[in-house]
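Some notes on the structure that comes next.
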Amino acid sequence: MPICRIVLCAAAITIAAVSLANARPDTRNMTCAQTQALIQTQHAAVLATGPNTYDRYIRQFGNECDVPYVPMVAYVPTRDGQCMVYQCEEPSPQVGY
């Protein structure tokens, strides 16, 4: 196999790998139901919520959060408005009465 062909194949594989690594589903292009279904089926998903913003969203019940984090409500923009999802956050301490 000529060296030119090997270099060309290596470049194509590198470009494909970088493109896949940067690809994230964008909540703004999905409906709320599609966004929630994607999170439910994958248990957790990194989703883009803007041109330069993304975060990890999880299903409500499961073990996707490490201790001491717990699933907390978050809202993301979707094609049909704001959508309620969950993400791992550290709970705020309870104030004694």
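- Between the side chain of R79 and the backbone N or O of N29 there is at least one donor-acceptor pair closer than 3.5 Å.
- Shown are M30, R24, R28; of these, the side-chain contact (heavy atoms from CB on, under 4.5 Å) with D26 is made only by R28.
- Here the OG1 atom belonging to T27 is positioned 8.5 Å from the CD atom belonging to Q82, to the nearest 0.5 angstrom.
- The CD1 atom of I39 sits 12.0 Å away from the CD atom of Q34 when rounded to the nearest 0.5 Å.
- Here Q40 contributes atom CD and R59 contributes atom CZ; the two are 7.0 Å apart, rounded to the nearest 0.5 Å.
- In this structure, M72 and C88 have side chains that are not in contact, with every pair of non-hydrogen atoms separated by 4.5 Å or more.
- For the 3.5 Å distance criterion, the side chains of Q60 and Y86 qualify, holding a donor opposite an acceptor.
- Between V70 and C65, every side-chain heavy-atom pair lies at or beyond the 4.5 Å cut-off.
- A donor-acceptor pair is defined here as one N or O able to donate and one able to accept, closer than 3.5 Å; no such pair exists between the side chain of E64 and the backbone of Y57.
- The shortest non-hydrogen separation linking P91 to P68 is CD-O, 3.2 Å.
- Nearest heavy atoms, Q87 versus D55: NE2-OD2, 2.8 Å.
- Of all heavy-atom pairs between T49 and P77, the closest is O-CG, 3.4 Å.
- Between P25 and L38, some side-chain heavy-atom pair lies under the 4.5 Å cut-off.
- Separation of atoms CD (Q36) and OG1 (T31) is listed at 8.5 Å; rounding is to 0.5 Å.
- Residues L47 and V76 form no side-chain contact, since every pair of their non-hydrogen atoms from C-beta on lies 4.5 Å or further apart.
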